[in-house]
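Working notes, beginning with the structure itself.
Each chain gets a letter, A, B and so on, in the order the sequences are listed, and its residues count up from 1. Computed from a predicted structure; not experimentally measured.
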Amino acid sequence: MTEQTPTERARPEAIKAVPVRHPGRWITIAVLAVLAAMFVHLVVTNDQFNWRFIFVSIGEGRRGVMFTGPVLAGLRGTILLTVLSMIIGVALGVVIAVMRLSPNPLLSWVAWLYTWVFRAVPRLVLAILFGNLGILWERIGFGLPFDAQIGRLFGITDLNAQFFSIKATDLLSGFVAGMLALGLSEAAYMAEIVRAGIQSVDSGQSEAAAALGLSRGQVLRRIVLPQAMRVIVPPTGNETIAMVKDTSLVAFVPVSTELFFQLQAISSRTFIVLPVLVAACLWYLVLCSVLMVVQFFVERHFGRGYGARTRTRTRTRNAQRRQEVNP
Amino acid sequence: MSETAMVRAQDVHKSFGSLEVLKGVDLVVEPGEVCCVLGPSGSGKSTFLRCINHLEKLNAGRIFVDGDLIGYRERGGKLHELKEKEVAEQRRSIGMVFQRFNLFPHMTVLDNVMEAPCRVKRENKGEVRERAAALLDRVGLAAKVDSYPGQLSGGQQQRVAIARALAMRPKLMLFDEPTSALDPELVGEVLDVMKDLARDGMTMVVVTHEIGFAREVGDKLIFMDGGVVVEQGPPREVIANPQQERTKAFLGKVL
């Protein structure tokens, strides 16, 4: 045993090596810089962008196209539609995912059927379909099902066992029809995302919770879903951002309080096309940026306890401390 | 005598599909006893343990814990499955510790321990917090109360898991290979907690490969192989002087 312990041995000289050169990086940077300069030049010097029209005024003393009253109303409509249809989508999606994983084969089959139908039909078709559902029913209400048929069975010609009902065309006005079409379609996608999330949680978790005496509902709510959220949140962020853009489909329901519809209305009135499209792009960029910030915080919330970042940070800190103590 | 037994298993059979894992297991564990279950992997010992708190359904036989038939109700000579809620109620008094800890990673150590008493028994939160802190102190983790499981070593996680099970004040504790997933140097700290529990008179069924623990702490040892109990008796006698060939072969390999 002649080997010295590290403390007795002299510390070798720190390595000072010539770093590897990366000429490829410099070429890439040059190419990108030229492209960026071309883009900026285009945006600044080409009059067709008409930035004044976009930001300052569309004429007659009114604000720029991004900020005129109807466009702002459309923006509000787009945000409201996104939020409401995502609420429907997530809530119903969780229910359908739980049904799909239920030991009851009928529930599981119904959930599968729902996902099958609503993923198969394009959102645009669904939006138009929901806008025309008034053709199927004159009135929509809540009450005894098959009341007219039951009445006829017992010889009553006009049995009406509806507690309340309203005209279908009133209920399925543009906005509600659009919201339902988007929300129900979203639920089918969310159901698959939630199902993947639930299945990603180790089965030992629900076993341990069951062994402690938690009920199946408690296991799902307190143990499985919070852990599944880590898997569920990123694709849900995707879905929400996609939903912001898909709201433009409800223009066909038709719904007029929607961002793109309002912008297009201006473009067809003024015959100024490109700046309006740029304005639309800018608004959608703003909305998505806000959503990405929200997603960051939601992910951080549900990532607690996993914190790869915090843990590596403490590990490096500990390593540094160890080096300081023992240089 | 067997009316007072904490665990009474009678001719327990369990199959997964066509594979019969338990082929008639009988066992009696008296209150305060520590029963160690030894056997090669695939011998059915973990499955048997999971049958005791109905994580697995029996195909035949009966298991009683503290006189209650587990998972079923016998009425008019017929067995009726218990509702989920009633099974959950039976599990409250049976603590279980898993090989892979299964702590809830999204909760702090303290919340892990408090979850079941607060949610299942709906006990007063302040009292539960005190009791949980005391339990964590007992397993030597008072300083880790606010850590998340991912920040603890395996041995520490398993001690939290024991505290979590104890928080429900169980009358029986089941241990499913509690030290098999641990680094060798961390096994001791978990076994120490279990020895401490045994000294306090907790009834325990321990599936383990720790022959030393079985010899030192166990009141009874059963050796399982091929889905049956091959040999049972006082641990020192069975380990020192096994009667059956299969027991001899197994002990010869692990000792």
Side-chain angles (χ1 to χ4, degrees), chain A residues 98-99 101-104 107 194 197-234 297-319 321, chain B residues 46 49-50 52-56 83-109 111-122 146-152 157 160-161 164-170 172-176 181:
Chain A
V98 171
M99 280 170 67
L101 296 170
S102 151
N104 180 336
L107 284 185
V194 173
I198 291 176
Q199 286 179 332
S200 76
V201 178
D202 179 38
S203 62
Q205 290 290 313
S206 26
E207 262 179 17
L212 284 167
L214 271 72
S215 70
R216 191 131 53 108
Q218 285 175 324
V219 174
L220 190 71
R221 250 180 308 135
R222 301 278 312 164
I223 309 300
V224 175
L225 276 181
Q227 293 183 59
M229 288 306 277
R230 246 164 41 90
V231 174
I232 293 172
V233 169
F297 285 104
V298 174
E299 272 184 35
R300 201 173 62 171
H301 173 76
F302 285 107
R304 68 193 191 281
Y306 295 90
R309 215 171 301 156
T310 51
R311 222 187 309 162
T312 44
R313 214 182 291 148
T314 38
R315 211 178 290 151
T316 35
R317 213 187 299 137
N318 288 344
R321 213 175 292 149
Chain B
S46 282
L49 197 73
R50 292 160 58 84
I52 298 179
N53 67 355
H54 207 57
L55 281 180
E56 305 287 353
K83 288 185 199 140
E84 229 176 273
K85 215 176 128 192
E86 296 166 310
V87 174
E89 219 157 284
Q90 288 185 329
R91 284 175 179 152
R92 289 183 197 181
S93 52
I94 308 174
M96 185 158 192
V97 174
F98 297 84
Q99 181 178 357
R100 286 172 51 232
F101 330 131
N102 295 347
L103 292 180
F104 308 133
H106 58 301
M107 297 181 183
T108 64
V109 163
D111 288 337
N112 262 279
V113 180
M114 288 174 60
E115 177 69 12
C118 287
R119 297 281 153 184
V120 179
K121 289 190 175 171
R122 308 214 173 272
D146 293 320
S147 305
Y148 283 96
Q151 298 164 329
L152 303 184
Q157 288 192 49
V160 174
R164 179 176 70 175
L166 289 176
M168 289 296 278
R169 302 193 174 144
L172 169 68
M173 285 284 285
L174 308 174
F175 292 84
D176 188 4

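- Chain A forms more heavy-atom pairs under 4.5 Å with one residue of B/Met168, B/Met96, B/Arg119 than with any other, namely B/Arg119.
- The structure places CD1 of A/Ile232 at 7.5 Å from OG of A/Ser200, a figure rounded to the nearest 0.5 Å.
- Heavy atoms of B/Ile94 lying under 4.5 Å from chain A belong exclusively to its backbone.
- Interface residue B/Arg164: backbone and side-chain heavy atoms are both found under 4.5 Å from chain A.
- Residues passing the ring-ring contact (aromatic ring centres under 6.0 Å, His included) test with B/His54, sequence neighbours excluded: B/Tyr72.
- For the residue pair B/Ser46 / B/Asp176, a side-chain donor-acceptor distance below 3.5 Å is found, with atom types taken as modelled.
- Proximity to chain A is limited to the side chain of B/Arg100, based on heavy atoms less than 4.5 angstrom apart.
- Of the atoms belonging to B/Pro105, heavy atoms from both backbone and side chain fall under 4.5 Å from chain A.
- Looking at residues two or more places apart in sequence or on another chain, you find no salt bridge (charged side-chain N to carboxylate O under 4.0 Å, His left out) involving B/Arg169.
- With a threshold of 4.5 angstrom between heavy atoms, B/Leu103 approaches chain A through N, CA, C or O but not through any side-chain atom.
- Residue with the most contacts toward chain A among B/Leu55, B/Asn53, B/Asn102: B/Asn102 (heavy-atom pairs, distance under 4.5 Å).
- Taking 4.5 Å as the heavy-atom cut-off, the residues of residues 222-229 of chain A that approach chain B are A/Arg222, A/Ile223, A/Pro226, A/Gln227, ordered by number.
- When heavy atoms are compared at a cutoff of 4.5 Å, A/Gln205 approaches chain B by way of both its backbone and its side chain.
- For B/Phe104, the parts sitting under 4.5 Å from any heavy atom of chain A are the backbone and the side chain alike.
- Scanning residues 86-93 of chain B against chain A with a 4.5 Å non-hydrogen threshold yields B/Ala88, B/Arg91, B/Arg92, sorted by number.
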